[in-house]
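Taking it in order: structure first as structure tokens, then the write-up.
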Amino acid sequence: MAPRVRSATGRRGWCRGGGSAAHSALLMLGAAALVAAAVAPGVAGQASRERYLVERSGQDTLVRRAADGEVVYTTSVADTSEGSDTDEDLTGGEEFFHGCLWTFRQKLGICEGGNCDDAEILAHDLQRRLIGFYRDRRFPAAPPLEEAAWLAIATRSEERRELFESCPGLIVSTLLFVAEALVFSGAREAEAYAHEAQSYVATMQQQAPLSFETMLEMFPVREAFSGYDLALGRRLEDVDGGAAAVAPPSVDIVISRCKSPLQWLWELDYPPRARLFVYDKCRNDPAEFAEQTAGLRGVLEAVEHRPMQEAAGSHLMTGECTAYLTHVIAMHRAGSLADFTVFSHDDGPRHIRLSLLSLALRGMRNSAYAVPFLHLSHERYPSFRTRCLRDVYRQVFSEELGGALGTYCCAHFVVRRDRIEARSIEFFENLYRLITEAPYAQQNGGLCNVGKKPCYVIEFLWHRIFGEEDDLPPRSLQRDLPLALRYEGGRETRLPSPLKVAPYMALFQPSRYSRELERSR
């Protein structure tokens with residue numbers, strides 16, 4: 001990742017708000033040029049043969065005389081007011097610099113893996129998110145992982161120093177927040193960011209005690225230090241707790257494969273005791289499998305190719321369901337379940353952020369991972385409650401579905417051994433039989449229109465099978481997850497800046513005079 005800073009709003013390029021500070025980013029809600037034969041501006045009730053062009057651009061309305069294009073009426077105002085200060089007027093001690101520049105925002109650009117994009121971090125927004133996260137960590141509030149990473153990771157130290165001068169509490173609490181997240185994976189940057197934050201605080205406490213007190217009043221600096229210290233303390237306890245405390249867990253990677261390549265698995269950082277099991281449902285080609293897993297030889301304890309077929313005479317495609325269950329039943333019966341099992345399709349990169357899986361595996365290497373169930377997919381389903389799902393739920397769990405089923409797409413997840421062992425072997429055997437016989441499918445007289453793919457509806461149940469509540473919260477709101485893993489990373493609702501396009505506020509755009517012109521055409 002090569003960070004590139006586009007611009008920073010600090011003591012230079014600042015604006016205090018008021019007036020039309022965002023004039024250059026006007027709403028573009030269907031600019032219209034309207035020809036009107038109207039009463040001349042300022043001559044009420046007096047008929048006129050003049051024709052006017054009415055132009056609307058966001059908040060502004062402009063009227064031109066059609067004959068010569070001269071502007072005879074406009075609602076726009078200047079970008080700055082008469083009393084606005086200029087750079088030459090500023091000393092740096094003004095009240096609007098105290099604590100944090102009132103309208104502080106940081107614009108950044110990043111190129112990562114050939115993709116480039118820009119971001120704008122607003123102090124008031126990130127401040128609110130940080131306070132919300134730290135206020136009471138027993139209650140979930142989505143941590144601003146990406147926003148903080150843009151501000152900490154996508155800047156150089158000298159740039160962060162400039163940011164500190166404009167909004168000290170924001171950069172200090174952000175650095176500590178990111179440091180806490182990085183402790184989980186053992187990233188060396190965690191200590192560096194924490195040390196940088198400590199140096200800023202020490203400097204301010206010594207040289208500007210009043211500003212130091214203001215920073216503590218405005219930003220969750222104390223809470224951020226506590227969060228980092230707690231995370232680091234837990235890590236140090238593991239390191240000092242003896243060999244048993246720090247031994248990385250065993251991990252099985254279970255892949256349900258048809259024809260997709262497997263070389264994406266080569267890039268991951270595995271714990272020492274990791275095994276790969278590929279349940280191959282479409283081919284039995286040992287040479288091709290050896291080629292696809294060549295980069296894993298000598299890295300993993302075992303790399304096993306396990307071809308399997310659908311039940312004899314079956315017309316169904318049971319997908320990953322029977323692959324996952326075959327592994328669970330065999331290992332459960334043999335008492336050979338790994339401490340953690342990763343379940344994935346062969347086309348995993350279509351459905352998951354490999355970086356999230358990599359982060360989980362690094363946490364295991366670091367002996368910091370203890371999560372009982374982690375969904376890896378980035379696409380989120382709506383919460384569902386349908387006749388079909390209620391029926392399948394009843395057949396799987398022998399109880400009624402109380403509310404709705406909510407989860408992520410496509411059955412990619414990590415499960416701790418005790419969550420698997422909490423279900424009997426007979427439960428998993430019955431589930432295997434239910435899927436291969438598919439009595440809930442319409443073609444067998446059931447309620448579910450799943451065609452030949454009875455595994456589809458089980459996507460909504462894996463989290464419940466392995467001990468989570470019916471409506472699985474988004475990762476960002478799962479308070480028991482380590483901070484590092486409370487990350488969404490998928491598509492979400494994206495709206496343009498309301499300073500550009502805002503259909504709700506467009507309903508209330510003042511236009512009395514221009515409407516009169518329109519009606520008089």
Side-chain angles (χ1 to χ4, degrees), residues 6-91 94-97 100-109 117-125 128 166 493-521:
R6 294 293 183 101
S7 65
T9 302
R11 293 189 176 182
R12 294 177 296 280
W14 65 282
C15 65
R16 281 198 293 153
S20 181
H23 183 74
S24 61
L26 293 174
L27 299 172
M28 300 300 294
L29 292 171
L34 306 172
V35 179
V39 175
V43 187
Q46 180 177 337
S48 172
R49 295 172 180 250
E50 292 278 11
R51 293 172 61 83
Y52 298 94
L53 298 176
V54 180
E55 301 173 5
R56 295 196 182 99
S57 179
Q59 295 195 112
D60 290 351
T61 300
L62 183 143
V63 179
R64 298 180 186 274
R65 191 162 39 232
D68 55 12
E70 181 180 350
V71 176
V72 295
Y73 167 72
T74 180
T75 64
S76 65
V77 298
D79 286 352
T80 57
S81 62
E82 189 66 28
S84 295
D85 294 320
T86 66
D87 287 350
E88 290 74 21
D89 299 323
L90 302 178
T91 66
E94 289 81 3
E95 180 61 27
F96 46 81
F97 282 120
C100 183
L101 180 63
W102 284 1
T103 55
F104 175 85
R105 60 186 181 272
Q106 176 70 33
K107 294 183 179 181
L108 298 162
D117 217 329
D118 298 325
E120 185 174 48
I121 308 297
L122 276 70
H124 76 86
D125 186 47
R128 177 176 54 82
S166 297
T493 300
R494 295 183 63 186
L495 300 176
S497 167
L499 296 178
K500 293 182 178 179
V501 180
Y504 172 67
M505 292 308 297
L507 295 173
F508 314 106
Q509 176 69 25
S511 57
R512 181 193 60 79
Y513 185 79
S514 57
R515 285 201 310 271
E516 289 182 3
L517 290 178
E518 290 181 76
R519 286 195 295 267
S520 64
R521 282 187 296 172

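Predicted model, so just to flag it, every value in this text is computed and none were measured. Note that the numbering runs from 1 along the sequence shown for the chain.
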Of all heavy-atom pairs between [X] and [Y], which one has the smallest distance, and what is that distance?
X    : Y    : value
D118 : G109 : OD1-CA, 3.4 Å
Q509 : Q59  : NE2-O, 3.0 Å
G69  : R64  : O-NH1, 3.2 Å

Which distance, rounded to the nearest 0.5 Å, do you find between the [atom1] of [X] and the [atom2] of [Y]?
X    : Y    : atom1 : atom2 : answer
S166 : Q106 : OG    : CD    : 8.5 Å
T61  : E55  : OG1   : CD    : 10.0 Å
H124 : W102 : NE2   : CH2   : 15.0 Å

Legend entry - Over 12 foreign heavy atoms within 6.0 Å of OH, Y504: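 Counting other residues, nucleotides and ligands, OH of Y504 stays at 12 neighbours or fewer.
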
Inset, instruction - Using the test salt bridge (Lys or Arg N to Asp or Glu O under 4.0 Å), find all partners of R128 that sit at least two apart in sequence or belong to another chain. - result: D125

Legend entry - Given V71, L53, V54, the one that forms side chain to side chain contact (heavy atoms under 4.5 Å, CB included) with L62: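 Of all the options given, the one that passes is V71.
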
Inset, instruction - Taking side chain to side chain donor-acceptor pair (under 3.5 Å) as the test, write out the residues that go with T74, two or more places apart. - result: S76

